[in-house]
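Everything below concerns the one structure shown next.
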Amino acid sequence: MSARVTEEVMRRVLLLCSRRSQWTQRSVLATASSRDTSFPSQVAHVWGAGKSQTLAAGSLVRSVRFYSRGSFHSEDLEEKELLSSLPEDSSLPAETTSGQRRSPFLDKLWRCGSPSDVLDLTCQYSPTVRQVSNCLTHMWGTSKKMSDEQRRCELQLMFDHPAFDTLLQKIMKDATHMHTKDLSYTLLSLFNLGVPQRSRVVQTLLRACQERLNDFDEKSLSVLASCLEHMENSPNVGALKEGMRLVVEARLPGIQKVIALQTMMRMLGKDVPLNLKKKLEKKALSMTDQFTLPNTQYMISTMATMGFYSRPLLDICSKKITENLHGIPFNRLFAVLQACRELHYRDIDMLTAISEYVSSMLDIWPNKQVLFFLSLFESLVFCPSALMEAYAEKVIASPDTLTLRDLLCVLRVYSSLNYDLRDRRQQFLDSLTQVLDSYLPKMSGFLLLKSVFYLCQLGHFPSAPLEQLLQSSVMEQFDSTPSQFPQKQARMFQTVDLCLRLDRPPLPRPMSVPPSVLGHYTPFSSPVNQWLSQGLRSVLGDQADTMLQEMVLVENFYLIDGVITKPLPNHTSVTEVSSCEGEGLSPAEGSQRVAVICTPLSGFCYGTSNPRGPLAVKIRHLRILGYNPVLVTGQELQSLSEEQRTEFLRGQIFPEHHRSDAQPKMEELQS
């Protein structure tokens with residue numbers, strides 16, 4: 001083994017040495033330029049395909065090489081592998097048929113292990129037009145299996161190899177004679193290998209594709225589509241995409257492969273007319289019996305790429321994914337949830353199943369991957385109960401494994417989703433506080449504020465973080481340093497201040513937030529909800545002992561749509577009711593206040609009536625202030641008739657006298 005390794009190392013050294021002797025005379029200017037280029041962050045010099053065959057003596061100033069303005073094209077090809085990344089045995093199909101022996105060139109090409117090996121082979125043989133496409137496909141196939149650093153080095157060798165220039169010249173010369181499939185694969189391979197889109201060789205291929213677009217079959221079109229999807233906009237790319245749109249629309253009924261349809265859909269993108277999107281949807285629905293598990297994952301991300309929400313297609317895909325979760329790797333499952341977020345699509349069964357599946361993988365997946373899912377669930381406004389329960393146990397068992405970034409993510413997710421851990425709640429919060437205390441010396445003021453804000457939302461008030469945040473030196477930093485998010489910062493300070501004043505946590509010493517960082521709070525001026533206002537007036541029309549006040553601002557922070565003061569069950573009348581400016585209503589003796597709050601569905605965790613972070617804090621504080629909060633949503637009120645709305649509100653405000661069956665289920669409203 002060691003002898004073979006030594007032999008390979010010597011072969012590479014001799015290869016480099018022999019090439020340098022060839023490069024010295026023909027790339028002096030390019031080599032000098034490459035020293036000014038930071039490699040591997042930028043691509044080294046690449047041949048422009050417009051190089052003249054003969055150069056005048058003084059033409060070295062006009063070097064035929066130039067630098068790519070970006071880094072190597074290294075996007076994740078996991079989805080594209082279904083189409084554009086061929087297996088080794090299928091990358092060389094051009095000159096072999098069943099029962100025939102491959103040519104010597106293809107046999108040797110199969111054994112090449114790097115792009116430079118392929119280029120060395122082209123120096124020994126003169127590849128045919130079809131073999132050029134095979135070469136480029138194999139070059140990309142070998143390089144993508146390498147590590148990032150090895151790929152950079154190998155592509156550097158490829159770009160500097162003298163045979164690469166010859167190969168590009170041959171492509172330009174023979175582009176019009178290539179088979180359409182070879183034409184599309186050649187373009188795709190050059191793009192994947194990092195040849196700049198503005199080079200003449202790529203532009204020549206784009207023009208050749210335009211001229212022969214009507215000759216492309218389904219496979220060639222899908223390969224071309226997978227390339228165009230990632231290319232920058234340019235006149236040639238734009239013209240080709242428009243031509244592709246017309247061809248796809250004309251040939252849509254005849255498309256037979258699901259992956260080809262999906263690739264074309266992604267290439268067409270969000271600018272597709274709605275009528276064509278409907279045709280694509282109809283075609284996809286007609287092919288659902290062909291959907292494999294990867295097809296369903298790819299279809300959801302394809303619809304996100306198109307910005308097209310098709311509930312029937314999404315439901316079919318989500319059902320198949322739910323039934324086969326254990327066959328989906330992390331990255332693809334994560335991509336599915338990202339696409340669902342972009343489409344604002346949530347299937348309660350699929351989300352619940354994914355939550356349970358991820359919770360079962362806690363001991364297998366890295367902590368970072370689990371936190372990715374927690375964060376994504378939070379952005380979907382979905383509370384993954386199984387995962388949050390299991391992850392809380394993991395934190396309690398080993399809190400020291402959390403990094404500062406992990407800690408902030410956990411605090412944000414658990415405070416936002418307001419998940420009730422019941423008897424484990426205090427133990428979980430104490431574990432997080434223990435980790436937070438260890439990071440206090442290295443935390444910036446803003447990160448400290450975020451941590452305290454999340455803990456206050458959770459109703460937990462550890463003294464050490466609070467004391468450090470409210471130190472005069474830290475407050476001076478907030479006063480003197482302009483905030484990147486001034487409104488967000490002020491809002492967090494205002495919440496911390498309210499929690500200290502209203503929750504009255506047992507701290508070693510009294511603490512308060514200085515007025516200088518609270519800012520000037522301007523309450524959100526929400527318009528009066530007409531359905532709610534009319535419904536409340538109808539409910540109270542025959543209630544002589546009640547009082548209604550609308551749009552009440554409490555503590556100069558919380559806006560209440562309607563405050564109803566009514567007698568307690570043991571009292572028959574309400575005495576005089578007074579109001580305090582800026583403090584809302586003060587209840588008279590023997591009366592109670594009902595705070596009717598109209599909130600959007602996003603204020604609740606999806607599929608439940610569990611209020612999320614800010615709304616949960618508002619409810620907690622209103623109860624401390626003596627209110628009985630009643631939550632309704634605009635969607636609830638709008639979905640009911642006037643009579644049903646009145647009955648529904650009456651049942652919410654006077655539950656001791658009335659029971660209403662008119663309340664819609666939250667799951668139905670959020671679906």
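Computed from heavy atoms alone, side chains included, the values below leave out hydrogens, waters and symmetry copies. For this chain, numbers begin at 1 and follow the sequence in order.
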Handout entry: Minimal non-hydrogen separation, Ser602 against Arg612, with atom names
Key = O-NH1, 3.0 Å
Handout entry: Exam field: side chain Gln197 to backbone Glu232, donor-acceptor pair closer than 3.5 Å
Key = yes
Practice task
Before accepting this row, confirm whether a basic side-chain N of the pair Asp347/Lys319 lies closer than 4.0 Å to the acidic partner's carboxylate O.
Solution key: no
Handout entry: For Phe604, the option from Asn418, Leu631, Asn610 that meets side chain to side chain contact (heavy atoms under 4.5 Å, CB included)
Key = Leu631
Handout entry: Residues Asp217 and Ser220: side-chain donor-acceptor under 3.5 angstrom
Key = yes
Exercise for the section: Run the ring-centre check on Tyr419 versus Tyr414 and record whether the distance is less than 6.0 Å. Expected result: no
Completion exercise
Interatomic distance, OG1@Thr142 vs CZ@Arg151, rounded to 0.5 Å, equals 10.0 Å
Practice task
Would you kindly say whether Arg266 and Ser301 are connected by a side-chain donor-acceptor distance under 3.5 Å?
Solution key: yes
Practice task
Give, for atom CG of Leu436 and atom OH of Tyr454, the distance between the pair rounded to the nearest 0.5 Å.
Solution key: 12.5 Å
Practice task
Answer yes or no: is there a donor N or O on one side and an acceptor on the other, between the side chain of Ser143 and the main chain of Trp140, under 3.5 Å?
Solution key: yes
Problem - Any Asn529 side-chain heavy atom under 4.5 Å of Val632 side chain - result: no
Problem - Over all atoms of both residues, closest heavy-atom pair of Met287 and Val258 - result: CE-N, 3.6 Å
Exercise for the section: Determine whether the aromatic ring centres of Trp365 and Tyr357 lie less than 6.0 Å apart. Expected result: yes
Handout entry: Note, Ser451 side chain near Leu408 side chain (heavy atom, < 4.5 Å)
Key = yes
Exercise for the section: Quick one: sort the Phe377 and Phe373 rings into parallel, tilted or perpendicular, breaks at 30° and 60°. Expected result: tilted
Exercise for the section: For the residue pair Leu224 and Leu240, establish whether any side-chain heavy-atom pair is separated by less than 4.5 Å. Expected result: yes
Handout entry: Residue pair Ser310 / Glu281, side-chain donor-acceptor N/O under 3.5 Å
Key = yes
Practice task
Please name the pair of heavy atoms, one in Pro465 and one in Pro462, separated by the smallest distance, quoted to 0.1 Å.
Solution key: CD-O, 3.5 Å
Practice task
Under the side-chain contact (heavy atoms from CB on, under 4.5 Å) rule, what do Thr495 and Cys499 come out as? Steps first, then yes or no, please.
Solution key: CA-CA 6 Å; Thr495 301; Cys499 289; 4.2 Å; yes
Problem - Trace of the side-chain contact (heavy atoms from CB on, under 4.5 Å) decision for Ile300 with Ile321 - result: CA-CA 11 Å; Ile300 292 179; Ile321 289 171; 3.7 Å; yes
Problem - Atom pair CD/SG of Glu378 and Cys605 - distance to nearest 0.5 Å - result: 9.5 Å
Exercise for the section: Determine whether more than 12 heavy atoms belonging to other residues, nucleotides or ligands lie under 6.0 Å from atom CG of Asn275. Expected result: yes
Practice task
Answer yes or no: is there a side-chain heavy-atom contact under 4.5 Å between Leu221 and Glu218?
Solution key: no
Exercise for the section: Give a yes or no on whether a salt bridge exists between Glu149 and Arg152, defined as a side-chain N under 4.0 angstrom from a carboxylate O. Expected result: yes
Problem - Heavy-atom check, side chain of Val410 versus side chain of Phe428, under 4.5 Å - result: yes
Exercise for the section: For Ser375 and Leu371, indicate whether the former's side chain and the latter's backbone hold a donor-acceptor pair under 3.5 Å. Expected result: no
Practice task
Report yes or no: does Gln297 contribute a side-chain atom to a donor-acceptor pair with the main-chain N or O of Leu293 at less than 3.5 Å?
Solution key: yes
Practice task
Starting at CE of Met303, measure out to CG of Leu343 and round the result to the nearest 0.5 Å.
Solution key: 6.5 Å
Practice task
May I ask you to check whether over 12 heavy atoms, not counting those of Glu242, lie within 6.0 Å of atom CD?
Solution key: yes
Exercise for the section: Considering non-hydrogen atoms only, spot the tightest contact between Asp561 and Cys598 and give its length. Expected result: OD1-N, 2.9 Å
Practice task
Over all heavy atoms of both residues, which pair between Leu417 and Cys383 is shortest? Give the atoms and the distance, please.
Solution key: CD1-CA, 4.0 Å
Problem - Gln484 CD: over 12 foreign heavy atoms closer than 6.0 Å - result: no
Handout entry: Leu337 side, atom CG; Tyr345 side, atom OH - distance, nearest 0.5 Å
Key = 11.5 Å
Practice task
Could you check Gln652 against Val596 for side-chain contact (heavy atoms from CB on, under 4.5 Å), going step by step and ending with a plain yes or no?
Solution key: CA-CA 9 Å; Gln652 296 293 304; Val596 183; over 6 Å; no
Practice task
Using atom types as modelled and distance alone, determine if a side-chain donor or acceptor of Thr352 lies under 3.5 Å from a backbone N or O of Asp349.
Solution key: no
Exercise for the section: Mark yes when over 12 heavy atoms from residues, nucleotides or ligands other than Lys283 sit less than 6.0 Å from its NZ; otherwise mark no. Expected result: yes
Completion exercise
Rounding to 0.5 Å, atoms CD (Gln426) and CG (Leu429) come to a distance of 6.0 Å
Problem - Contact check, side chains of Leu402 and Leu432, non-hydrogen atoms, under 4.5 Å - result: yes
Practice task
Spell out, as yes or no, whether a donor-acceptor pair under 3.5 Å connects the side chain of Arg341 to the backbone of Leu380.
Solution key: no
Exercise for the section: Please say whether more than 12 non-hydrogen atoms of neighbouring residues, nucleotides or ligands are located less than 6.0 Å from CD in Glu323. Expected result: yes
Problem - Any side-chain heavy-atom pair of Ile619 and Pro611 under 4.5 Å - result: yes
Problem - Tyr606 side chain to Arg346 backbone, donor-acceptor under 3.5 Å - result: yes
Problem - Under 3.5 Å: donor-acceptor pair, side chain of Lys394, backbone of Asp363 - result: no
Exercise for the section: Consider only side-chain N and O atoms of Thr292 and Asn295, and report whether a donor and an acceptor are under 3.5 Å apart. Expected result: yes
Handout entry: Leu188 side chain near Leu136 side chain, heavy-atom distance below 4.5 Å
Key = no
Exercise for the section: Answer yes or no: is there a donor N or O on one side and an acceptor on the other, between the side chain of Thr137 and the main chain of Asn134, under 3.5 Å? Expected result: no
Practice task
Mind telling me whether Tyr558 and His621 have parallel, tilted or perpendicular rings, with 30° and 60° as the class edges?
Solution key: tilted
Handout entry: Lys277 to Gly307 - nearest heavy-atom pair and separation
Key = NZ-O, 3.9 Å
Handout entry: Partner of Asn367 under side-chain hydrogen bond (donor to acceptor under 3.5 Å, both in side chains), chosen from Thr403, Thr401, Asp406
Key = Asp406
Practice task
Given side-chain contact (heavy atoms from CB on, under 4.5 Å), test Val336 with Cys340 step by step and report yes or no.
Solution key: CA-CA 6 Å; Val336 166; Cys340 289; 4.3 Å; yes
